[in-house]
Number of protein chains: 2
Amino acid sequence: MAQSNPPFMSGVPELLLLRLLDRKEMYGYELVRSIRSATGEAISLGEGVIYPVLHSLERNGSLKSRRKAVAGRTRVYYTLTAKGRQRLNKLHIEWLRIQGGITAALESPAYA
Amino acid sequence: MAQSNPPFMSGVPELLLLRLLDRKEMYGYELVRSIRSATGEAISLGEGVIYPVLHSLERNGSLKSRRKAVAGRTRVYYTLTAKGRQRLNKLHIEWLRIQGGITAALESPAYA
DNA sequence: TATTAATACCTTGAACTACGAGGTATAGTC
DNA sequence: GACTATACCTCGTAGTTCAAGGTATTAATA
């Protein structure tokens, strides 16, 4: 009983991650800052959001990772798989849909 | 310790409500269907979302209501106050900001 | 006439996400 | 030696949305 659908706008963090990783291999800590700058400081997602999403995307086969040692520190770099690219596409379309819906509701003129 | 900011896209239901009520006096049950149709079926917010938001907006002085009996049923019609119009404006700007941020992140070309 | 569907209000519990604070560890700077 | 930055991570909880329900009246349907 009562298994809930995800909230209507919850795909966005995942979408941003996938989009950035589709362009370039990146590691978690880097993604935190990339999202902030790529959105013009409009959206700031902390590590508490990023890491769990990365892990769940890897678990379900959308991402694969490799560890790389850089100056004594270990970074975990992520890249998209074919499944991840599909997922990106789906989320992108879904985003355009709700973004367009909201825009329509906000813009349409003042009559009933 | 740990008092959380609201999630980064949580203003949307409130924004849609305020926008529709800015055009026309409406009651809750009507708003449920209006949001669905005004967004081209992209967004569907149930009564469990709408009513609590209406009540909280009235409590904080953004909306005022009047009861009206229509064909034996009681409807509660809501309209914006000056404060509600301010709130609408603020949320609208905030929405454009995050919407623009996301669009930028999705569209910007494939170099770092 | 009985039953069901639609209108109209509402609340509540669970599900889910995002937030933020914290914890570990290394490297560089002051 | 202390502090900041990098880099990984988890966990508790706050805040939202979801779905399902409850009440009551009217209209349609069987």
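All values below come from the heavy atoms of this structure, side chains included, with hydrogens, waters and symmetry mates left out. So you know, we letter chains A, B, ... as the sequences are listed, proteins then strands, and number each from 1.
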Just to verify, what does B:E58 make a salt bridge (Lys or Arg N to Asp or Glu O under 4.0 Å) with, not counting sequence neighbours?
none
Would you please name every residue forming a salt bridge (Lys or Arg N to Asp or Glu O under 4.0 Å) with A:R33, sequence neighbours left out?
none
Contacting residues from residues 84-101 of chain B, given that a heavy atom lies under 4.0 angstrom of DNA chain C:
none
Give me the residues of residues 47-59 of chain A where at least one heavy atom lies under 4.0 Å from an atom of DNA chain D, by number, or none.
A:E47, A:G48, A:Y51, A:H55
Bend angle of the helix from C:dT1-D:dA30 to C:dC30-D:dG1, from helix axes over five pairs at each end, nearest 10°
0°
Please list each protein N or O that sits under 3.5 Å from an N or O in nucleotides 24-28 of chain D, with the distance.
from: D:dT25; atom 1: O2; to: B:R73; atom 2: NE; distance (Å): 3.3
from: D:dT25; atom 1: O2; to: B:R73; atom 2: NH2; distance (Å): 3.2
from: D:dT26; atom 1: O4'; to: B:R73; atom 2: NH2; distance (Å): 3.2
from: D:dT26; atom 1: O2; to: B:R73; atom 2: NH2; distance (Å): 3.4

Show every donor-acceptor pair shorter than 3.5 Å between a side-chain atom in residues 40-50 of chain A and any protein atom, with sequence neighbours excluded, or say none if there are none.
from: A:S44; atom 1: OG; to: A:R36; atom 2: NH1; distance (Å): 3.1

Report the residues that fulfil salt bridge (Lys or Arg N to Asp or Glu O under 4.0 Å) with A:R87, sequence neighbours left out, ordered by chain and then residue number.
A:E14
In chain order, what residues pass the salt bridge (Lys or Arg N to Asp or Glu O under 4.0 Å) check against B:R85, with sequence neighbours excluded?
B:D22
Can you pull out every salt bridge (charged side-chain N to carboxylate O under 4.0 Å, His left out) where at least one residue sits in residues 60-75 of chain B? Sequence neighbours excluded, please.
B:E25-B:R66
Do any pairs count as a ring pair (Phe, Tyr, Trp, His ring centres under 6.0 Å) and have a residue in residues 17-36 of chain A, sequence neighbours left out, and if so which ones?
A:Y27-A:Y77
Using the test side-chain hydrogen bond (donor to acceptor under 3.5 Å, both in side chains), find all partners of B:E94 that sit at least two apart in sequence or belong to another chain.
none
